[in-house]
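Data first, discussion second: the structure below is written as structure tokens.
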Amino acid sequence: MDIVILAVVIAVVVLGALGGLIVGSRRKKQLPPPPPAAPDITAPPAEPHVGDEAETPREEPRRTIEEVDLPDGSAPVVVEEPPAEAPEIEIPEPTAGRLVRLRTRLSRSQNALGKGLLTLLSREHLDEDTWEEIEDTLLTADVGVQPTQELVERLRARVKVLGTRTPEELRTLLREELITLVGPDMDRAVKTEPEDRKPGIVMVVGVNGTGKTTTTGKLARVLVADGQSVVLGAADTFRAAAADQLQTWGERVGAHTVRGPEGGDPASVAFDAVKEGKAMGANVVLIDTAGRLHTKTGLMDELGKVKRVVEKQAPVDEVLLVLDATTGQNGLVQARVFSEVVDITGIVLTKLDGTAKGGIVVAVQRELGVPVKLVGLGEGADDLAPFEPEAFVDALIGE
């Protein structure tokens, strides 16, 4: 019996050992393979330089810092700048007949007045309603109340005497009456050549936005075109870049510009301009004053001061008031106030093209008792023209 038990125990031990061997062999088979050895990594070729082939860059000889020649600092490096080119001097077109040449541009926007009047006068029966329409047409064109009444009265008298009215007769009649209204006998010459001395002195005044500085530059072109030498005085020291603008205009025609510091004393600049004009023997000195608002009493007093300071050297020959023709009756208010501060001798009407109403010429002359001497008809450099009543009226009523 003991032998049987011993045999069973030995059999169990042998079976356990065999089972352990089998399990161990299976575990060895399921282990993951060892990681592969790291491959040799070769650096990618460098990017080629411009113009080189796509290949690995070659070793190039390099200089050390000791081999590089550095400046010793004894002589500064001078960089030569190209010389500034002098502005090209322009030759303005002659002023003779300039308004006639610009008549087409003027008539394009102005002849509504003339055509309207001709249409009304051509009616078969000129009753009171028609004459009222004629008055309204003239008033709408800013002719003014008193000049309108005078014109209508003369037209009524002449039409009654005329009897039959052909279109040509009406046009001739209207032309004659409008020329009379504009004032053909007024002296419209800009006085720049006093007999007893040189230079002639012209002050240009007006409120902001009327084109005063531009008008001063254009007037310089008009005078140069007539063979006169000009000095410009940039006495508008309150508006930024006003002096630069005026100097640019002067350089285009070879006129010398006298200027001062921004915000400086305008009277001092005007005084220096006249002084330099005398020293240079110039024919004319044009003084561009600040565009003062006519409601600012202190600024208007400053304008009077400029005139008084200039007259310590020589009398002022012309004071030209620049008015924007599109402002209508507001322009008359400006004209009235300026005339109380300085003695206005002439009027320059700018922006007479576009939506302007030609009757302002009559109204402003009646308001101040001085003539319109120059008119501005556009943005071009040579669009400032001496005022000629006949050419102006022809533009109003058309062909």
Side-chain angles (χ1 to χ4, degrees), residues 186-207 210 212-213 215-220 222-224 226 228-238 242-243 246 249-250 255-260 264-292 294 299-323 334-349 364-365 368-374 384 386-387:
M186 302 183 81
D187 182 8
R188 302 182 187 277
V190 179
K191 296 178 176 58
T192 58
E193 300 180 90
E195 297 179 358
D196 55 342
R197 59 180 168 80
K198 289 175 59 175
I201 302 173
V202 179
M203 282 183 60
V204 184
V205 302
V207 302
T210 58
K212 180 175 48 55
T213 300
T215 297
T216 306
K218 290 182 178 181
L219 179 55
V222 170
L223 296 173
V224 169
D226 290 339
Q228 301 189 53
S229 57
V230 178
V231 170
L232 298 172
D236 186 354
T237 60
F238 299 137
L246 188 64
W249 276 101
H256 176 62
T257 302
V258 177
R259 53 189 298 177
D265 182 14
S268 176
V269 176
F271 184 89
D272 291 342
V274 176
K275 184 177 179 180
E276 290 198 30
K278 285 183 175 181
M280 297 172 61
N283 297 111
V284 188
V285 175
L286 298 179
I287 301 173
D288 176 33
T289 60
R292 293 167 172 80
H294 61 281
L299 293 177
M300 295 299 290
D301 291 342
E302 180 68 25
L303 179 60
K305 174 189 172 184
V306 171
K307 187 172 185 289
R308 291 192 301 272
V309 168
V310 168
E311 288 183 330
K312 291 181 179 180
Q313 296 194 79
V316 174
D317 300 288
E318 284 275 9
V319 179
L320 297 177
L321 173 62
V322 181
L323 293 176
Q334 298 171 14
R336 190 179 305 116
V337 177
F338 273 96
S339 65
E340 295 173 356
V341 179
V342 290
D343 294 327
I344 304 298
T345 60
I347 302 161
V348 182
L349 279 177
V364 73
Q365 289 184 157
L368 296 184
V370 296
V372 172
K373 294 190 173 184
L374 299 163
L384 185 71
F387 183 76

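Heavy atoms only: backbone and side chains are in, while hydrogens, waters and symmetry mates are out. In what follows, residues are counted from 1 in the order of the sequence shown.
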With a 4.5 Å limit on heavy-atom distance, are the side chains of [X] and [Y] in contact?
X      : Y      : value
Arg197 : Pro315 : yes
Lys278 : Pro199 : yes
Leu368 : Leu321 : yes
Thr192 : Asp317 : no
Val202 : Leu223 : no
Asp236 : Lys212 : yes
Leu384 : Val348 : yes

From [X] [atom1] over to [Y] [atom2], what is the distance, rounded to the nearest 0.5 angstrom?
X      : Y      : atom1 : atom2 : value
Leu219 : Leu286 : CG    : CG    : 5.0 Å
Ile287 : Leu320 : CD1   : CG    : 11.5 Å
Met186 : Phe387 : CE    : CZ    : 10.0 Å
Trp249 : Thr215 : CH2   : OG1   : 9.0 Å

*According to the salt bridge (Lys or Arg N to Asp or Glu O under 4.0 Å) rule, which pairs have a member within residues 334-348, sequence neighbours left out?*
Arg336-Glu367
Closest heavy-atom contact between [X] and [Y]?
X      : Y      : answer
Gly264 : Thr237 : O-OG1, 2.8 Å
Ile201 : Ala314 : CD1-CB, 3.6 Å
Val207 : Phe338 : CG1-CE1, 3.5 Å
Ala235 : Pro266 : O-CB, 3.2 Å
Ala267 : Glu302 : N-OE2, 4.4 Å

*Applying the side chain to side chain contact (heavy atoms under 4.5 Å, CB included) test to Met203, which of Thr289, Thr216, Val285 qualifies?*
Thr289
*Sub-3.5 Å donor-acceptor pair from the side chain of Lys373 to the main-chain atoms of Ile347, do we have one?*
no
Residues two or more places apart in sequence or in another chain: which of them pass side chain to side chain contact (heavy atoms under 4.5 Å, CB included) with [X]?
X      : result
Val342 : Leu303, Lys307, Val319, Ile344
Ala234 : Ala243, Leu246, Thr257, Arg259
Ser229 : Ala282, Asn283
Arg308 : Lys305

Partners of [X] by side-chain hydrogen bond (donor to acceptor under 3.5 Å, both in side chains), sequence neighbours excluded?
X      : value
Thr345 : Glu318
Lys275 : none
Asp196 : none
Thr213 : Arg239, Asp288

